[in-house]
There are 2 protein chains.
Amino acid sequence: MSRREEIVDAAERLLERAGPEAVTMRRLADELGIQAPSLYKHVAGKPEIEAALQQRALQRLAAALEAAPDLPSLAAAYRDWALRHPRLYEIATRLPLARERLAPGVEAAAAAPLLRVTGGDLTAARALWGLAHGLVDLELAGRFPPGADLDAVWAHAMAERVVAGPGPGGPG
Amino acid sequence: MSRREEIVDAAERLLERAGPEAVTMRRLADELGIQAPSLYKHVAGKPEIEAALQQRALQRLAAALEAAPDLPSLAAAYRDWALRHPRLYEIATRLPLARERLAPGVEAAAAAPLLRVTGGDLTAARALWGLAHGLVDLELAGRFPPGADLDAVWAHAMAERVVAGPGPGGPG
DNA sequence: TCTCTGTGGCTAACGCTGTTAGCTTAGACG
DNA sequence: CGTCTAAGCTAACAGCGTTAGCCACAGAGA
């Protein structure tokens with residue numbers, strides 16, 4: 001494993017263990033038993049590390065959604081993964097997408113499961129993504145009042161036809 | 001106008017003019033012609049300023065939504081305000097809600113317009129909020145591919161019944 | 001074997017951040 | 001006139017990302 005990969009691994013560990021504000025160049029170096037400036041022998045700077053984490057997060061999220069056969073299970077998987085990996089989810093979605101640093105295909109792979117459950121309808125897939133992301137983002141930010149029944153909100157949101165076409169009996 | 005209000009005003013000006021990373025205690029002090037440590041005579045720290053900005057942003061957003069008579073115009077107003085004031089929108093929604101610092105009623109006032117168009121259905125209002133917020137958040141973060149037809153996405157999302165009950169002819 | 005070169009560490013330092021301690025000055029009040 | 005408070009000031013601290021420059025070691029080539 002290259003030193004660069006070790007650095008990104010350590011960053012991910014640090015992120016999940018201690019939160020995003022703990023991912024500093026000095027603490028990251030500590031984690032590897034070296035000094036902060038030595039990191040720059042392997043990595044251009046912090047943004048590059050963040051982009052690598054973002055790519056990883058997108059791949060993990062995509063993997064978590066892959067198996068979902070239909071809309072309800074996709075929604076459940078999406079929410080479940082985000083709540084289980086809030087810091088990774090944040091870095092996957094809050095950071096402006098660093099497309100130029102992203103390996104080709106990563107974005108498409110993350111989008112694929114949503115497209116699948118909308119039968120290839122791009123507009124519907126984006127609406128679905130907005131809905132799922134918005135609910136997760138607000139939940140993670142603690143914006144719903146404590147005690148709000150979010151299961152009910154998700155059930156409501158996914159039962160209504162945000163996603164599919166003209167409804168039951170329609171083209172799928 | 002109290003010095004504290006002047007500080008929050010200056011912070012808002014700075015935020016809208018130069019972005020969130022420009023809102024530092026030193027630049028804020030510059031804007032007021034004083035030195036950074038003097039700010040602490042009027043304000044406990046930066047989080048307090050951010051909470052004040054968040055409250056302001058919520059009030060502005062609520063005001064922008066107030067006049068919307070129905071779902072389509074509410075959705076349009078929501079997106080429009082967010083795109084026009086991206087930094088304020090960010091601070092309104094990305095920051096964990098500092099409920100203990102928030103003036104009473106602000107949260108409810110911001111929620112009211114959404115509740116109105118869902119006929120008082122709290123679950124539907126939350127789903128609607130998630131949808132609108134998610135779409136706006138992803139758009140602001142530059143997550144949709146350049147050239148994506150977001151008007152169509154919004155039209156699709158709002159045409160489907162994320163929000164209302166059992167559909168046209170239903171209880172409204 | 002000697003040298004040369006690249007790799008990957010190191011320390012010191014710079015300018016930035018939020019924040020604290022402690023001093024001073026202006027104005028109000030008894 | 002004396003005193004107290006409000007609101008400014010400078011100096012400083014720890015932590016941030018980052019750069020410059022130095023050094024030790026590994027491996028390659030003559």
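Model, not experiment: these values are computed from the prediction.
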Earliest and latest nucleotide of DNA chain D, 5' to 3', sitting under 4.0 Å from a non-hydrogen atom of chain B?
D:dA7 to D:dA12

Please examine the side chains of B:Asp149 and B:Val153, heavy atoms only from C-beta on, and report whether any two atoms are closer than 4.5 Å.
no

So, do B:Ile7 and B:Glu31 sit near enough that their side-chain heavy atoms are less than 4.5 Å apart?
no

Can you tell me if A:Ser38 touches the phosphate of C:dG8, counting only side-chain N or O atoms and a distance under 4.0 Å to OP1 or OP2?
no

When rounded to whole Å, the NZ to C1' distance for the pair B:Lys46 and C:dT20 reads 18 Å

Gap between atoms CG and P, on B:Leu28 and C:dT17 respectively (whole Å):
12 Å

Could you go through A:Glu6 and A:Arg3, starting from their C-alpha distance and side-chain angles, then the distance that decides it, and tell me whether this counts as salt bridge (Lys or Arg N to Asp or Glu O under 4.0 Å)?
CA-CA 5 Å; A:Glu6 285 180 17; A:Arg3 204 74 171 115; 2.4 Å; yes

Mind calculating the distance between CG (A:Leu39) and P (C:dT7) to the nearest angstrom?
17 Å

Measure from CD on B:Gln35 to C1' on C:dT24 and round the result to the nearest Å.
15 Å

If the cut-off is 4.0 Å, is B:Arg26 near the phosphate of C:dT19, judged by side-chain N/O to OP1 or OP2?
no

Within the structure, does a side-chain N or O atom of A:Lys41 lie under 4.0 Å from either OP1 or OP2 of C:dT7?
no

Heavy-atom check, side chain of A:Leu61 versus side chain of A:Leu65, under 4.5 Å
yes

Verify salt bridge (Lys or Arg N to Asp or Glu O under 4.0 Å) between A:Arg79 and A:Asp151, making sure each step is shown before the conclusion.
CA-CA 10 Å; A:Arg79 184 180 176 207; A:Asp151 287 339; 2.8 Å; yes

Below 6.0 angstrom between ring centroids: does that apply to A:Trp129 and B:Phe144?
yes

